Amino acid sequence: MFGQIRELVQHTVPVLRLSCLSAQAGKLDFRLWPIMERYESKEVEFKWQKIWADNSAFSTVREDGRDKYYVLEMFPYPSGKIHMGHVRNYAIGDVVSRFFTMKGKNVLHPMGWDSFGLPAENAAIQHGIHPAEWTYKNIDYMKKQLKRLGLSYDWEREVTTCAPEYYRWNQWFFLKFMEKGMAYKKLSTVNWCPACSTVLANEQVEGGLCWRCESTVEEKELEQWFLKITDYGEELLEHTRKLPGWPERVLLMQRNWVGKSTGAEVVFKVEGADETIKVFTTRPDTLYGATFMSLAPEHPVIEKITAPDRLRGVREFISRVKAGGKKGRGEAEKEGVFTGAFSTNPLTGAKIPVYVANFVLMEYGTGAVMAVPAHDQRDFEFAKKYNLPVTVVINPPKIILDPAAMIAAYQDEGTMVNSGPFDGMKNTEAMVKIAELLEERGVGKRSVSYRLRDWGISRQRYWGCPIPVIYCGACGAVPVPYKDLPVILPEDVSITGKGMSPLLLSSFVDTKCPRCGKGARRETDTMDTFVDSSWYFLRYMSPQNNNEPFDKKEASYWMPVDQYIGGIEHAVLHLLYARFFTKAVRDLGLIQADEPFKNLLTQGMVCKEILRCPGHGYLLPEEAEGGRCRECGKPVTVGPTEKMSKSKKNTVDPDRIIETYGADTTRLFSLFAAPPQKDLDWNEDGVEGSFRFLGRVWRLVSENADILSGFDFKHDKPLEGFLRRIHRQTHSTIKKVTQDIEERFHFNTAISSIMELVNSLYQWEGTKQGALEREVFREAVEAVVLLLSPFAPHISEELWQRLGNPTPLYSTPWPVFDPDAVRSEEVTVVVQVNGKVRAKVSVPADAGKEYVEGVVMKEQLVAKWVAAKEIRTTVYVPGRIFNIVVQ
RNA sequence: GCCGGAGUGGCGGAACUGGUAGACGCGCGGGACUCAAAAUCCCGUGGGGGAAACCCCGUGGGGGUUCGACUCCCCCCUCCGGCACCA
C-alpha cells in the first residue's frame, strides 16, 4: 500500500499535490500526504512553492503608516539560463526579504528582466532566431528556474524592459529631458568597427579590437545623443558622503569616476592672431614655468593658428593620431607637432610655442594644456623628446634643481623661484595668490574640472529602445509628441549583422514631421541599455500604470530602496546612472528621494578551481579522470580558483545542483560557504555537507514527532542542569542569528550557530519523557525551524507544519530572545600569568575582582607560575580574563 | 604609476569595539550499527615534545605600543580588484 503511494507520488507529483491543495484551499492537511521518512527535497519544495503561489504569499500592497522595507536585487539579463552568481545574489536577497517580513515589515521584493541588449542580436545573427523570440523564451525558462529556487518575489510586479509598456517610459523620460535641455545631440568621437559597420560601447572594445570580429576599432565622428549627467557631477560627488550604507570602496570608485579637480583657467593670447587659448591647470603655481603649450588634436583653434607652411604636417599628424583609435592613443608614445604659432603667457609676457600633442584630450578641461616640463612628468617627457626648454619654478626643501640634470619632473611641494613677485613663497601659497592675480587682471579665474563626461546614449543597434526623435528638413530634430508614444520597435525585420541598421527599413523610417506635417525621417539609433536599468526600481511601484512611468504616491511610500544587492562589477556604471536618473526624476518633481539605494551590498563572485591539461587547455571535470586528461592521459593541473566562466570550463549548472540536492541545499550552501561580500569557492563536498545538515534537521523532527506535538508549551517552571543549558543556548542562538542577519548580513555565522544548536539537541542527555524536557526540547526545535527558514524556506515550512502548527511559517513572526534566559550565572574566567593562559576558573557572573582573585590564587596551576615571584599587578576583565603580572 | 581590498590549520571560513586563535562546515583518522556496504550516530583532528600531567611554537615577514595584539602604529613581501596620459 505504502509502496503504491510512493510510486504514485513519484510519477504524478504535481497532480496529487494539486488535488490535496485544492481541497483545503491552502490550508493543507499533511495527513493527506504520504509520510516522508527520508528528506525528499523535491517533494517538499514543489509542495510549498505551490502553496505560496496559490496564496499569493509574497504579494505586497502599500499600507500607509506601516513600516516598509524595499529589498531589491539587480535584475538579470535573460541570457538563457541562470548561473551560480544569480543563485547567490537572489538567495541573499531572499534571506533579507523573508527575515524582514517575519520581523513585521511591509516588504516589497520584486523581480524583472533587463531584456534589451546585444546577445539577443547575436543569437539572431548566429541562429536565425528573432531577438524578441529568443529573449522571451529565455525569460520563460529563467523565470521557471527562479521559481524553482523558491524565491519570495511579488511576481505580479514583474517588469520587462523590452516590452513597449516599459520602454515607452524611457522615451517619455527622454522627451522630458529634451525639454529641459538635458538630452542633446552633438558630434562626438565613437568607437567604430569597420567590419560590423557599427558603433561599439567602450566596454565592447577589448585591447583596441572589436570583441566580436577582432577588427581594429577606429575612431569616428558621429552625431550622438547625450544626457547631461555632468549637470549632476557635483551632487553625485557630494552625496557619496550621505550614503553610509554603501561599501566605502564603491563610493571611492564613484568619486574617482566623477574626478573633481580644482585649479584655474588661464587665457593665453595667440601671437599675431585674434585668437586666445584657454587652458585648465590644477597647478597655477607653476604658471611661470610654462615653456610651451599642447593642444588636443581635435582643438578647433588649430586650423586658425597653424602657419600655412606647417598646415600639411599638422593635418597629417592629426589624422594619424585619430586612426590609431581611442585605445591606441592611450598606449602610444607621447608625440606632437609644432603649429608654428606662439602664445603669450598672461603674467610673464613670455612667448611659448604651441604644439599639437597626441596625449591631450579634447573632452577634459579646455582641450589645451600649458606645459610645465619641470613639474609635470608628461610635459617633461615631451620636452626632452622635442628639445624644449625646462624652467624650474619650485625647488624642493634645501635643494636647488638644475634643469639640465633633471631626469624626471618634480611634482611635489616646495619654494617658488623664477616666478617674479612670488619668489620665496611656498608653492601652496602661490597657488592661491597667482589665481587671485589672474582674476584681478581678467586673464583667468579659479575653476573646477570633472573627469565625468556626458552620457552618450545613442547605439547603432536594433534590439533597444528607439530614441523618440523625428528629423525634418525644415524643422530639424523634432521630439515625437507624447501622445504618439511609444515609438514601437518594429519586429518584422531581418537581422544580418552586416551593413545597415534593420531600422532603416522604410516603414519605420519614413514618417511625417509632427510640427509641419512634411515628410520626415525617424531617428534609427536606439538607447544604451543602461537607460533601461536606470529607473526600473521605480517601475516596480506600479508596473501596470498606463498613464505615467510610476505612481507618485506609491513611490513616496516605497522609495528609496532599503537594501540593494548585486555584483561589484556595476560599482560605477549602473549605480552611477541610477543615481543620476533618480536625481533627474526628482527634479522633474516625481519623487522626493535624492538617492535610489539606501544600503548597498556588493556580493562577491562565485569561483571554482580550474582544471588544465598541458595539451588540451581547460577541461571540464568529466574530461579529467584520476588526475589525467581523458584525451591524452597527461596529468591535469588543478587550480587556481577563479571566477566561474564558460571559457574556463569551471561553471556549475544550478539546474543540476537543484535536481540533485534541492533548492534549499543549493541556497544554504551558497550562503554558508562565505560571507556575502566575499568571493565564494564552489565545492561539491561542501554542498553535500549542507544537504547532510538539512537531513539532520529533518530527522530531528521526524524521529521525535511523537513527543513534539500534542501539548502546549509554556515554561513557567525553573530549569536546571542541561535543560537550563539548552534553554539558554536556544535563546542565545535566536539572539545571534537575529543580529547576524540584521546588523551584518553574516549569514554564514548565523547558519553555523543554528548548526551548533542542532548538534546540542543531538547530544540530548535526558529521556525526553518528562513534560519539562519535552517543553524545552520543543522550544529549541521550533527555534531551529524558524531561524532556518530565511535560508532554507521549504524544509522549514514542512517541518513547521509537522510540529503541528496550524498557520504557515511565512506568516509567523520572527522569534524573540528572552534576555533572562541568555544570562548565565556561572562564567568561565581565563587566568593568565604575564598574558599567557595558565588556567580557567568558574565564578559567579556578578563576582567582583576580590572574589575572583581569591578563587584564582587557590588554583594549583596558578600557584606554580606565580611561586617565588613578586606580583606587580593584576588585571581583571569581568567575566573574561584575570591576568597576573609578575616580576 | 595612482587608489582600494586581502593574506589565519590540508581546504572554505570564525574570533562584533585589543581579552581562551582556529567556532561551524569540508576533508582526514578511529569507533558503533551491519553478514557486508551505503546511510546514520559518536569520538578525535594547527605544528612540535611528552607515558601522562603538562610544556614550547604558531594568524605573510620584521620592528613597536600594551598586563595582553589576527585586531592598533611603522617598514617590507605576496595576491586580487579599480582607474590609467584627466593637465
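Here is how names work: the chains are called A, B, and so on, in the same order as the sequence lines, proteins then strands, and each is numbered from 1. Worth saying up front: this structure is predicted, and the values here are computed from it rather than measured.
Remark: the separation of the P atoms in B:C42 and B:G4 is 49 Å, to the nearest Å. Taking atom P on both B:C33 and B:A23, the two are 29 Å apart, rounded to the nearest angstrom. Comparing the P positions of B:G47 and B:G22 gives an interatomic distance of 14 Å, to the nearest angstrom. Rounded to whole Å, the separation between the C1' atoms of B:C72 and B:U59 comes to 16 Å. Of the C1' atoms belonging to B:G46 and B:G10, the separation is 10 Å, rounded to the nearest Å. Taking the P atoms as reference points, B:G5 lies 24 Å from B:C85, given to the whole Å.
Note on A:Trp865: only backbone sugar-phosphate atoms sit closer than 4.0 angstrom, heavy atoms only; bases stay farther off. At a threshold of 4.0 angstrom between heavy atoms, the contacts of A:Arg744 are confined to the sugar-phosphate backbone, with no base atom among them. Residue-level contact check: A:Asp379 touches neither bases nor backbone, having no heavy atom under 4.0 Å from any strand. Among the protein residues, A:Thr366 comes within range of no part of the nucleic acid, since none of its heavy atoms lies under 4.0 Å from any strand. At the heavy-atom level, A:Val885 lies under 4.0 Å from the strands shown only through sugar-phosphate atoms. The residue A:Thr873 sits apart from the nucleic acid: no heavy atom pair falls under 4.0 Å.
What separates CE of A:Met362 from P of B:A87 is a distance of 16 Å, to the nearest Å. Atom OH of A:Tyr364 is separated from atom C1' of B:A84 by 14 Å (rounded to the nearest Å). If you take CZ of A:Phe693 and P of B:C41, they are 12 Å apart, rounded to a whole angstrom.
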I'd like a list of close polar pairs between nucleotides 57-60 of chain B and the protein, N/O only, cut-off under 3.5 Å.
residue : atom : partner  : partner atom : Å
B:C57   : OP2  : A:Lys836 : NZ           : 3.1

When you check every protein heavy atom under 4.0 Å of nucleotides 1-6 of chain B, what one-letter string (B, S, -) results, 5' to 3'? --SS--
Just by protein heavy atoms under 4.0 Å, how would nucleotides 21-31 of chain B read 5' to 3' in B, S and -? --BBSSS----
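Of the candidates B:G13, B:G19, B:C86, B:G13 carries the atom nearest the A:Ala674 side chain, counting heavy atoms from C-beta on. Among the nucleotides B:C42, B:G82, B:G12, the one closest to any side-chain atom of A:Tyr762 is B:C42. Each of B:G13, B:U20, B:A84 was ranked by its minimum atom distance to the side chain of A:Lys840; first place goes to B:U20. Nearest nucleotide to the A:Asn883 side chain, out of B:C67, B:C85, B:G13: B:C67. Comparing B:C42, B:C67, B:C55 by their closest approach to the side chain of A:Arg838 singles out B:C55.
Ionic pairing of A:Glu859 and A:Lys864 is not present here: no N-O contact between side-chain nitrogen and carboxylate oxygen is shorter than 4.0 angstrom. In this structure, A:Glu298 does not pair ionically with A:Lys322, as no charged nitrogen and carboxylate oxygen lie closer than 4.0 Å. We find that A:Arg255 and A:Glu248 are joined by a salt bridge, their nearest charged nitrogen and carboxylate oxygen being less than 4.0 Å apart.
For an aromatic pair to be called close, the ring centres must be under 6.0 Å apart, and A:Phe747 with A:Phe745 satisfies this. Checked against the 6.0 Å centroid threshold, A:Phe292 and A:Phe382 count as a close aromatic pair. When ring centroids are compared, A:Phe672 and A:Phe791 stay outside the 6.0 Å threshold. Aromatic pair A:Trp455/A:Phe226: centroids not less than 6.0 angstrom apart.
For B:G18, there is no paired nucleotide, since no Watson-Crick or G-U wobble pair has both relevant distances below 3.5 Å.
For the residue pair A:Glu609/A:Thr641, the side-chain donor-acceptor check at 3.5 Å is not satisfied. Under the 3.5 Å distance criterion, with hydrogens and angles disregarded, no donor-acceptor pair is assigned to the side chains of A:Gln254 and A:Thr240. Side chain to side chain, A:Asn256 and A:Arg451 fail the donor-acceptor criterion of an N or O pair below 3.5 Å. Looking at A:Lys260 and A:Ser449, their side chains never bring a donor and an acceptor atom within 3.5 Å of each other. Of the N and O atoms on the side chains of A:Lys334 and A:Asn358, not one donor lies less than 3.5 Å from an acceptor on the other residue.
Not one side-chain nitrogen or oxygen of A:Trp257 sits closer than 4.0 Å to the OP1 or OP2 atom of B:C86. The side chain of A:Arg378 contributes no N or O atom lying less than 4.0 Å from OP1 or OP2 of B:A84. Within the 4.0 Å cut-off from OP1 or OP2 of B:C16, not a single side-chain nitrogen or oxygen of A:Gln739 is found. Contact check, A:Arg699 against B:C41: a side-chain N or O comes under 4.0 Å of OP1 or OP2. Between A:Ser294 and B:A87 there is no side-chain N or O to OP1 or OP2 distance below 4.0 Å.
Residue A:Arg446 qualifies as enclosed at atom CZ: its count of foreign heavy atoms under 6.0 Å is above 12.
Counting distance only, with no hydrogens placed and no angle test, the side-chain atoms of A:Arg453 and the base atoms of B:C86 include a donor-acceptor pair under 3.5 Å.
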